[in-house]
2 protein chains.
Amino acid sequence: MSDLFPKKGHDHDRCVHSALAQAEKVCDAENARFTDMRRKVFTLIWQSHKAVTAYELLDALTAEGQRVQPPTVYRALEFLTELGLVHRIESLNAYFGCDRPDCEHLGQYFICTDCGRVAEAVNEEMSNAVRKAAMGVGFTIQATTVEIKGLCHDCATH
Amino acid sequence: MSDLFPKKGHDHDRCVHSALAQAEKVCDAENARFTDMRRKVFTLIWQSHKAVTAYELLDALTAEGQRVQPPTVYRALEFLTELGLVHRIESLNAYFGCDRPDCEHLGQYFICTDCGRVAEAVNEEMSNAVRKAAMGVGFTIQATTVEIKGLCHDCATH
DNA sequence: GATGAAATGTTATAATATATCATTTTCTGA
DNA sequence: TCAGAAAATGATATATTATAACATTTCATC
(Lines give C-alpha, C1' and ligand atoms only; values in the text may rest on other atoms or scores of the structure.)
Protein backbone atom coordinates (compact mmCIF):
# COMPACT_ATOMS: atom_id res chain seq x y z
CA MET A 1 0.00 0.00 0.00
CA SER A 2 1.47 3.31 -0.98
CA ASP A 3 1.23 6.35 1.25
CA LEU A 4 -1.67 8.71 0.85
CA PHE A 5 -0.19 11.45 2.97
CA PRO A 6 3.42 12.54 3.43
CA LYS A 7 5.35 10.24 5.73
CA LYS A 8 5.82 11.17 9.34
CA GLY A 9 8.78 13.38 9.87
CA HIS A 10 8.74 14.92 6.43
CA ASP A 11 9.78 18.54 6.46
CA HIS A 12 6.62 20.43 5.73
CA ASP A 13 8.22 23.87 5.76
CA ARG A 14 10.47 22.64 3.05
CA CYS A 15 7.46 21.46 1.01
CA VAL A 16 5.85 24.86 1.32
CA HIS A 17 9.06 26.52 0.33
CA SER A 18 9.45 24.37 -2.72
CA ALA A 19 5.80 24.90 -3.65
CA LEU A 20 6.40 28.63 -3.49
CA ALA A 21 9.37 28.30 -5.78
CA GLN A 22 7.28 26.27 -8.22
CA ALA A 23 4.48 28.80 -8.07
CA GLU A 24 6.91 31.56 -8.88
CA LYS A 25 8.16 29.64 -11.87
CA VAL A 26 4.63 29.07 -13.12
CA CYS A 27 3.72 32.72 -12.72
CA ASP A 28 6.88 33.74 -14.48
CA ALA A 29 6.14 31.44 -17.36
CA GLU A 30 2.65 32.87 -17.65
CA ASN A 31 3.75 36.44 -17.22
CA ALA A 32 1.49 36.66 -14.20
CA ARG A 33 2.30 38.60 -11.07
CA PHE A 34 2.83 36.61 -7.93
CA THR A 35 1.90 39.52 -5.71
CA ASP A 36 2.16 39.75 -1.97
CA MET A 37 -1.48 38.95 -1.41
CA ARG A 38 -1.39 35.98 -3.77
CA ARG A 39 1.74 34.68 -2.13
CA LYS A 40 0.19 35.00 1.31
CA VAL A 41 -2.96 33.15 0.29
CA PHE A 42 -0.94 30.49 -1.48
CA THR A 43 1.27 30.02 1.56
CA LEU A 44 -1.67 29.79 3.95
CA ILE A 45 -3.24 27.13 1.78
CA TRP A 46 -0.04 25.17 1.55
CA GLN A 47 0.57 25.36 5.27
CA SER A 48 -2.53 23.25 5.84
CA HIS A 49 -2.97 19.58 5.12
CA LYS A 50 -6.66 20.23 5.02
CA ALA A 51 -8.68 22.16 2.51
CA VAL A 52 -9.08 25.77 3.57
CA THR A 53 -12.19 27.89 3.09
CA ALA A 54 -12.13 31.44 1.79
CA TYR A 55 -13.29 32.79 5.12
CA GLU A 56 -10.67 30.84 7.02
CA LEU A 57 -8.11 32.54 4.82
CA LEU A 58 -9.80 35.84 5.51
CA ASP A 59 -9.55 35.25 9.24
CA ALA A 60 -5.96 34.14 9.00
CA LEU A 61 -4.99 37.23 7.03
CA THR A 62 -6.83 39.45 9.46
CA ALA A 63 -5.06 37.74 12.36
CA GLU A 64 -1.78 38.51 10.60
CA GLY A 65 -2.72 42.15 10.88
CA GLN A 66 -4.09 42.78 7.40
CA ARG A 67 -7.67 43.94 7.33
CA VAL A 68 -8.95 42.13 4.28
CA GLN A 69 -12.35 41.88 2.63
CA PRO A 70 -13.89 38.86 0.91
CA PRO A 71 -13.30 40.03 -2.65
CA THR A 72 -9.58 40.25 -2.00
CA VAL A 73 -9.42 36.64 -0.94
CA TYR A 74 -11.68 35.44 -3.72
CA ARG A 75 -9.62 37.27 -6.29
CA ALA A 76 -6.44 35.68 -5.06
CA LEU A 77 -8.15 32.29 -5.11
CA GLU A 78 -9.42 32.85 -8.62
CA PHE A 79 -5.95 33.76 -9.78
CA LEU A 80 -4.32 30.76 -8.12
CA THR A 81 -7.01 28.41 -9.33
CA GLU A 82 -6.76 29.60 -12.90
CA LEU A 83 -3.05 29.00 -12.95
CA GLY A 84 -3.60 25.56 -11.48
CA LEU A 85 -1.61 26.40 -8.37
CA VAL A 86 -4.56 25.65 -6.15
CA HIS A 87 -7.61 23.43 -6.60
CA ARG A 88 -11.08 24.03 -5.38
CA ILE A 89 -12.63 21.10 -3.54
CA GLU A 90 -16.23 21.44 -4.64
CA SER A 91 -17.74 19.23 -1.99
CA LEU A 92 -16.12 21.31 0.76
CA ASN A 93 -16.26 24.80 -0.74
CA ALA A 94 -12.61 24.92 0.08
CA TYR A 95 -9.21 25.13 -1.50
CA PHE A 96 -6.20 22.90 -1.56
CA GLY A 97 -2.69 23.29 -2.91
CA CYS A 98 -1.75 21.52 -6.10
CA ASP A 99 1.43 19.45 -6.19
CA ARG A 100 1.87 19.53 -9.92
CA PRO A 101 1.00 22.98 -11.16
CA ASP A 102 3.38 22.60 -14.07
CA CYS A 103 1.58 19.86 -15.95
CA GLU A 104 -1.94 19.39 -17.21
CA HIS A 105 -3.68 16.68 -15.30
CA LEU A 106 -7.05 15.48 -14.13
CA GLY A 107 -6.54 15.34 -10.39
CA GLN A 108 -8.40 13.30 -7.86
CA TYR A 109 -8.84 14.16 -4.23
CA PHE A 110 -9.07 11.91 -1.23
CA ILE A 111 -10.74 13.58 1.72
CA CYS A 112 -10.71 11.96 5.13
CA THR A 113 -13.98 12.67 6.90
CA ASP A 114 -12.39 11.90 10.25
CA CYS A 115 -9.12 13.83 10.36
CA GLY A 116 -10.03 16.23 7.57
CA ARG A 117 -6.80 15.79 5.68
CA VAL A 118 -6.85 15.94 1.91
CA ALA A 119 -4.53 14.33 -0.58
CA GLU A 120 -4.26 14.86 -4.28
CA ALA A 121 -3.71 11.88 -6.49
CA VAL A 122 -2.94 11.81 -10.16
CA ASN A 123 -4.00 8.34 -11.04
CA GLU A 124 -3.82 7.62 -14.73
CA GLU A 125 -6.21 4.71 -14.49
CA MET A 126 -8.90 6.98 -13.07
CA SER A 127 -8.13 9.78 -15.50
CA ASN A 128 -8.18 7.45 -18.43
CA ALA A 129 -11.43 5.87 -17.34
CA VAL A 130 -12.98 9.33 -17.19
CA ARG A 131 -11.58 10.30 -20.58
CA LYS A 132 -12.72 7.04 -22.12
CA ALA A 133 -16.22 7.32 -20.68
CA ALA A 134 -16.51 10.86 -22.00
CA MET A 135 -15.29 9.77 -25.41
CA GLY A 136 -17.85 6.99 -25.38
CA VAL A 137 -20.72 9.45 -25.14
CA GLY A 138 -19.18 12.09 -27.38
CA PHE A 139 -18.49 14.45 -24.53
CA THR A 140 -15.68 17.02 -24.70
CA ILE A 141 -14.11 17.41 -21.27
CA GLN A 142 -13.40 20.90 -19.99
CA ALA A 143 -12.89 20.12 -16.32
CA THR A 144 -13.34 17.23 -13.97
CA THR A 145 -14.14 16.97 -10.30
CA VAL A 146 -13.22 13.71 -8.65
CA GLU A 147 -13.53 13.81 -4.89
CA ILE A 148 -13.48 10.71 -2.77
CA LYS A 149 -14.64 10.97 0.80
CA GLY A 150 -14.01 8.36 3.42
CA LEU A 151 -11.49 7.23 5.98
CA CYS A 152 -7.78 7.41 5.47
CA HIS A 153 -5.81 4.40 6.60
CA ASP A 154 -4.72 6.04 9.85
CA CYS A 155 -8.26 6.90 10.85
CA ALA A 156 -9.70 3.56 9.76
CA THR A 157 -7.25 1.59 11.85
CA HIS A 158 -6.69 3.71 14.95
CA MET B 1 -21.17 6.39 -29.65
CA SER B 2 -23.94 5.79 -27.18
CA ASP B 3 -26.42 8.46 -26.26
CA LEU B 4 -25.70 10.70 -23.30
CA PHE B 5 -29.18 12.14 -23.09
CA PRO B 6 -32.56 10.56 -23.81
CA LYS B 7 -33.28 10.32 -27.49
CA LYS B 8 -35.44 12.91 -29.16
CA GLY B 9 -39.09 12.14 -28.90
CA HIS B 10 -38.83 10.14 -25.72
CA ASP B 11 -41.81 10.60 -23.47
CA HIS B 12 -40.51 12.63 -20.57
CA ASP B 13 -43.77 12.69 -18.64
CA ARG B 14 -43.67 8.96 -18.69
CA CYS B 15 -40.10 9.00 -17.29
CA VAL B 16 -41.16 11.25 -14.46
CA HIS B 17 -44.12 9.04 -13.77
CA SER B 18 -42.01 5.94 -13.62
CA ALA B 19 -39.44 7.70 -11.45
CA LEU B 20 -42.23 8.57 -9.04
CA ALA B 21 -43.31 4.96 -8.94
CA GLN B 22 -39.74 3.88 -8.23
CA ALA B 23 -39.38 6.49 -5.53
CA GLU B 24 -42.52 5.25 -3.88
CA LYS B 25 -41.17 1.72 -3.90
CA VAL B 26 -37.89 2.82 -2.37
CA CYS B 27 -39.65 4.80 0.35
CA ASP B 28 -41.88 1.87 1.08
CA ALA B 29 -38.95 -0.47 1.36
CA GLU B 30 -37.25 1.93 3.78
CA ASN B 31 -40.37 2.65 5.74
CA ALA B 32 -39.96 6.28 4.87
CA ARG B 33 -42.83 8.63 4.13
CA PHE B 34 -43.07 10.00 0.63
CA THR B 35 -44.99 13.05 1.77
CA ASP B 36 -46.63 15.65 -0.40
CA MET B 37 -43.76 18.08 -0.06
CA ARG B 38 -41.18 15.43 -0.85
CA ARG B 39 -43.15 14.28 -3.84
CA LYS B 40 -43.44 17.83 -5.14
CA VAL B 41 -39.74 18.48 -4.79
CA PHE B 42 -38.89 15.14 -6.36
CA THR B 43 -41.20 15.83 -9.27
CA LEU B 44 -39.84 19.31 -9.85
CA ILE B 45 -36.32 17.92 -9.96
CA TRP B 46 -37.29 15.16 -12.35
CA GLN B 47 -39.12 17.53 -14.65
CA SER B 48 -35.84 19.22 -15.45
CA HIS B 49 -33.00 17.86 -17.53
CA LYS B 50 -30.77 20.28 -15.73
CA ALA B 51 -29.68 20.29 -12.15
CA VAL B 52 -31.99 22.42 -10.02
CA THR B 53 -30.95 24.63 -7.13
CA ALA B 54 -32.73 24.74 -3.79
CA TYR B 55 -33.89 28.29 -4.41
CA GLU B 56 -35.20 27.44 -7.86
CA LEU B 57 -37.29 24.77 -6.17
CA LEU B 58 -38.38 27.32 -3.62
CA ASP B 59 -39.49 29.69 -6.35
CA ALA B 60 -41.27 26.94 -8.23
CA LEU B 61 -43.16 25.84 -5.15
CA THR B 62 -44.07 29.42 -4.36
CA ALA B 63 -45.28 29.88 -7.93
CA GLU B 64 -47.45 26.80 -7.43
CA GLY B 65 -49.14 28.69 -4.64
CA GLN B 66 -47.34 27.22 -1.64
CA ARG B 67 -45.52 29.75 0.46
CA VAL B 68 -42.43 27.80 1.40
CA GLN B 69 -39.31 28.64 3.37
CA PRO B 70 -35.75 27.45 2.72
CA PRO B 71 -35.65 24.85 5.49
CA THR B 72 -38.64 23.09 3.99
CA VAL B 73 -36.90 22.66 0.68
CA TYR B 74 -33.59 21.69 2.24
CA ARG B 75 -35.30 19.11 4.40
CA ALA B 76 -36.97 17.53 1.42
CA LEU B 77 -33.66 17.55 -0.43
CA GLU B 78 -31.88 15.95 2.50
CA PHE B 79 -34.50 13.24 2.67
CA LEU B 80 -34.36 12.51 -1.05
CA THR B 81 -30.60 12.60 -1.11
CA GLU B 82 -30.27 10.22 1.80
CA LEU B 83 -32.49 7.69 0.12
CA GLY B 84 -30.49 8.07 -3.07
CA LEU B 85 -33.49 9.35 -5.00
CA VAL B 86 -31.71 12.54 -5.85
CA HIS B 87 -28.06 13.45 -6.15
CA ARG B 88 -26.40 16.66 -5.24
CA ILE B 89 -24.13 18.07 -7.93
CA GLU B 90 -21.41 19.62 -5.81
CA SER B 91 -19.91 21.80 -8.47
CA LEU B 92 -23.28 23.42 -9.16
CA ASN B 93 -24.84 23.48 -5.68
CA ALA B 94 -27.77 21.84 -7.35
CA TYR B 95 -29.74 18.64 -7.42
CA PHE B 96 -30.47 16.04 -10.04
CA GLY B 97 -32.73 13.01 -10.15
CA CYS B 98 -31.18 9.59 -9.84
CA ASP B 99 -32.10 6.93 -12.38
CA ARG B 100 -31.16 3.98 -10.24
CA PRO B 101 -32.27 4.66 -6.71
CA ASP B 102 -32.69 0.97 -6.06
CA CYS B 103 -29.10 -0.12 -6.31
CA GLU B 104 -25.88 1.01 -4.70
CA HIS B 105 -23.64 2.66 -7.20
CA LEU B 106 -20.92 5.23 -7.61
CA GLY B 107 -22.49 7.58 -10.10
CA GLN B 108 -20.79 9.96 -12.46
CA TYR B 109 -22.27 13.13 -13.85
CA PHE B 110 -21.75 14.74 -17.19
CA ILE B 111 -22.62 18.43 -17.17
CA CYS B 112 -22.81 20.37 -20.40
CA THR B 113 -21.56 23.91 -19.83
CA ASP B 114 -23.36 25.10 -22.93
CA CYS B 115 -26.91 23.74 -22.72
CA GLY B 116 -26.79 23.01 -19.01
CA ARG B 117 -28.14 19.51 -19.30
CA VAL B 118 -26.89 16.86 -16.92
CA ALA B 119 -26.67 13.12 -17.40
CA GLU B 120 -25.91 10.44 -14.89
CA ALA B 121 -23.69 7.60 -15.92
CA VAL B 122 -22.92 4.45 -14.05
CA ASN B 123 -19.72 3.44 -15.68
CA GLU B 124 -18.12 0.43 -14.05
CA GLU B 125 -14.73 1.18 -15.47
CA MET B 126 -14.73 4.58 -13.77
CA SER B 127 -16.16 3.19 -10.54
CA ASN B 128 -13.66 0.39 -10.46
CA ALA B 129 -10.78 2.72 -11.13
CA VAL B 130 -11.89 4.83 -8.19
CA ARG B 131 -12.30 1.79 -5.94
CA LYS B 132 -8.94 0.42 -6.97
CA ALA B 133 -7.16 3.72 -6.44
CA ALA B 134 -8.70 3.99 -2.98
CA MET B 135 -7.70 0.45 -2.15
CA GLY B 136 -4.18 1.23 -3.29
CA VAL B 137 -3.77 3.93 -0.67
CA GLY B 138 -5.73 2.16 2.06
CA PHE B 139 -8.66 4.51 1.82
CA THR B 140 -12.18 3.41 2.81
CA ILE B 141 -14.71 5.04 0.50
CA GLN B 142 -17.81 6.58 2.01
CA ALA B 143 -18.95 8.69 -0.91
CA THR B 144 -17.65 9.79 -4.27
CA THR B 145 -18.19 12.86 -6.35
CA VAL B 146 -17.39 12.50 -10.03
CA GLU B 147 -18.52 15.44 -12.10
CA ILE B 148 -17.37 16.00 -15.63
CA LYS B 149 -17.94 19.39 -17.18
CA GLY B 150 -17.67 20.09 -20.86
CA LEU B 151 -19.62 20.05 -24.07
CA CYS B 152 -22.18 17.43 -24.93
CA HIS B 153 -22.09 16.11 -28.45
CA ASP B 154 -25.00 18.29 -29.58
CA CYS B 155 -23.39 21.47 -28.34
CA ALA B 156 -19.93 20.56 -29.60
CA THR B 157 -21.16 19.96 -33.13
CA HIS B 158 -23.95 22.49 -33.64
C1' DG C 1 7.25 61.59 -14.51
C1' DA C 2 2.84 60.67 -17.42
C1' DT C 3 -0.03 56.97 -18.88
C1' DG C 4 -2.66 52.86 -18.95
C1' DA C 5 -3.34 48.33 -17.24
C1' DA C 6 -3.53 45.40 -13.42
C1' DA C 7 -4.29 44.70 -8.70
C1' DT C 8 -6.31 45.81 -4.51
C1' DG C 9 -9.55 48.42 -1.35
C1' DT C 10 -14.29 49.40 -0.02
C1' DT C 11 -19.10 49.01 0.33
C1' DA C 12 -23.01 46.66 -0.47
C1' DT C 13 -25.55 42.74 -1.46
C1' DA C 14 -26.59 38.18 -3.66
C1' DA C 15 -26.80 33.18 -3.21
C1' DT C 16 -26.61 29.13 -0.49
C1' DA C 17 -27.54 26.80 3.89
C1' DT C 18 -28.70 25.85 8.78
C1' DA C 19 -30.14 26.47 13.83
C1' DT C 20 -33.96 26.80 16.79
C1' DC C 21 -38.34 26.56 18.47
C1' DA C 22 -43.53 26.28 17.43
C1' DT C 23 -47.13 23.79 15.30
C1' DT C 24 -49.27 20.19 12.75
C1' DT C 25 -49.60 15.56 11.06
C1' DT C 26 -49.10 10.74 11.47
C1' DC C 27 -48.27 6.54 13.78
C1' DT C 28 -48.67 3.45 17.76
C1' DG C 29 -50.49 1.13 21.44
C1' DA C 30 -53.73 0.97 25.26
C1' DT D 1 -60.88 5.89 19.49
C1' DC D 2 -58.01 8.59 21.51
C1' DA D 3 -53.64 9.87 24.35
C1' DG D 4 -48.96 10.20 23.76
C1' DA D 5 -44.84 9.95 21.05
C1' DA D 6 -42.52 10.58 16.85
C1' DA D 7 -42.06 12.63 12.51
C1' DA D 8 -42.77 16.31 9.46
C1' DT D 9 -43.51 20.95 8.47
C1' DG D 10 -43.93 26.02 9.56
C1' DA D 11 -41.76 30.25 10.95
C1' DT D 12 -38.12 33.26 12.24
C1' DA D 13 -33.62 34.37 12.41
C1' DT D 14 -29.09 34.02 11.05
C1' DA D 15 -24.77 31.75 9.34
C1' DT D 16 -21.88 30.82 5.40
C1' DT D 17 -20.22 31.37 0.81
C1' DA D 18 -19.65 34.46 -3.12
C1' DT D 19 -19.93 38.48 -6.27
C1' DA D 20 -21.14 43.22 -8.27
C1' DA D 21 -19.70 47.84 -8.70
C1' DC D 22 -16.92 51.58 -8.21
C1' DA D 23 -12.68 53.95 -5.93
C1' DT D 24 -7.89 53.87 -5.18
C1' DT D 25 -3.29 52.23 -5.47
C1' DT D 26 0.53 49.87 -7.66
C1' DC D 27 3.40 48.85 -11.35
C1' DA D 28 5.32 48.30 -15.98
C1' DT D 29 6.28 51.02 -19.99
C1' DC D 30 7.17 54.87 -22.58
Side-chain angles (χ1 to χ4, degrees), chain A residues 23-24 26-45 50-62 64-83 85-96 116 145 147, chain B residues 23-24 26-45 50-62 64-83 85-96 116 145 147:
Chain A
E24 247 153 43
V26 169
C27 287
D28 243 40
E30 301 281 335
N31 244 315
R33 294 191 211 152
F34 200 48
T35 62
D36 232 51
M37 182 56 67
R38 290 164 179 173
R39 171 188 303 271
K40 274 181 188 159
V41 169
F42 181 85
T43 304
L44 284 168
I45 290 173
K50 308 185 179 183
V52 186
T53 70
Y55 280 78
E56 284 168 358
L57 292 167
L58 201 81
D59 291 347
L61 289 165
T62 302
E64 278 183 8
Q66 298 229 348
R67 207 166 318 132
V68 165
Q69 300 301 322
T72 302
V73 170
Y74 280 101
R75 281 174 192 141
L77 287 169
E78 190 189 358
F79 173 87
L80 296 170
T81 304
E82 277 184 1
L83 280 189
L85 298 171
V86 151
H87 282 298
R88 178 178 160 83
I89 308 291
E90 298 290 349
S91 62
L92 298 177
N93 297 330
Y95 298 82
F96 191 71
T145 299
E147 295 169 8
Chain B
E24 247 152 42
V26 170
C27 287
D28 244 41
E30 302 282 334
N31 246 315
R33 296 187 210 154
F34 199 48
T35 61
D36 232 51
M37 183 55 68
R38 289 164 179 175
R39 170 189 304 273
K40 275 181 187 158
V41 169
F42 182 84
T43 305
L44 284 168
I45 291 173
K50 307 183 180 184
V52 186
T53 70
Y55 280 79
E56 284 167 358
L57 292 167
L58 201 81
D59 290 348
L61 289 166
T62 302
E64 278 182 9
Q66 299 227 348
R67 209 165 318 132
V68 165
Q69 300 301 321
T72 302
V73 171
Y74 280 101
R75 280 174 192 141
L77 288 170
E78 189 188 0
F79 173 87
L80 296 170
T81 304
E82 277 185 359
L83 281 188
L85 298 170
V86 151
H87 282 298
R88 178 177 161 83
I89 308 291
E90 299 290 349
S91 62
L92 299 177
N93 297 331
Y95 298 83
F96 192 70
T145 301
E147 296 168 7

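Keep in mind that what you see is a predicted model, and the values were worked out from it rather than measured. Naming: A, B, ... by sequence-line order, numbering from 1 per chain.
With C:dT20, C:dT16, D:dT17 as the candidates, the nucleotide lying closest to the side chain of B:Arg75 is C:dT20.
Put simply, A:Arg88 has a side-chain N or O that comes within less than 4.0 Å of OP1 or OP2 on D:dA18. The side chain of B:Thr35 places an N or O atom within less than 4.0 Å of a non-bridging phosphate oxygen (OP1 or OP2) of D:dT9. Checking the phosphate oxygens (OP1, OP2) of C:dA17, a side-chain nitrogen or oxygen of B:Tyr74 falls inside 4.0 Å. Checking the phosphate oxygens (OP1, OP2) of C:dT8, no side-chain nitrogen or oxygen of A:Arg67 falls inside 4.0 Å. Taking side-chain N and O atoms only, A:Thr72 has a distance below 4.0 Å to OP1 or OP2 of C:dG9.
Taking CZ of A:Phe79 as the reference point, atom CZ of A:Phe34 lies at 7.5 Å (rounded to 0.5 Å). Taken from CD in B:Gln66 to CG in B:Leu58, the straight-line distance is 10.5 Å, to the nearest 0.5 Å.
Between A:Tyr55 and D:dT17, a base-stacking contact is recorded: ring centres under 5.5 Å apart, planes less than 30° from parallel.
Backbone-only engagement by A:Arg33 is indicated by non-hydrogen atom pairs under 4.0 Å involving sugar-phosphate atoms exclusively. Among the protein residues, A:Arg38 comes within range of the sugar-phosphate backbone only, with heavy atoms under 4.0 Å from sugar or phosphate atoms but none that close to a base.
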* To do: In sequence, state the C-alpha distance, the side-chain angles, and the governing distance for A:Glu90 and A:Thr145, and then conclude on side-chain hydrogen bond (donor to acceptor under 3.5 Å, both in side chains).
  => CA-CA 8 Å; A:Glu90 298 290 349; A:Thr145 299; 4.8 Å; no
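Other residues, nucleotides and ligands contribute more than 12 heavy atoms inside 6.0 Å of the NZ atom of B:Lys40.
If you find the closest nucleotide of DNA chain D to A:Pro71 and to B:Ala76, the one lying nearer the 5' end belongs to B:Ala76.
Going from atom CG of A:Leu58 over to atom C1' of D:dT16 covers 12 Å, rounded to whole Å.
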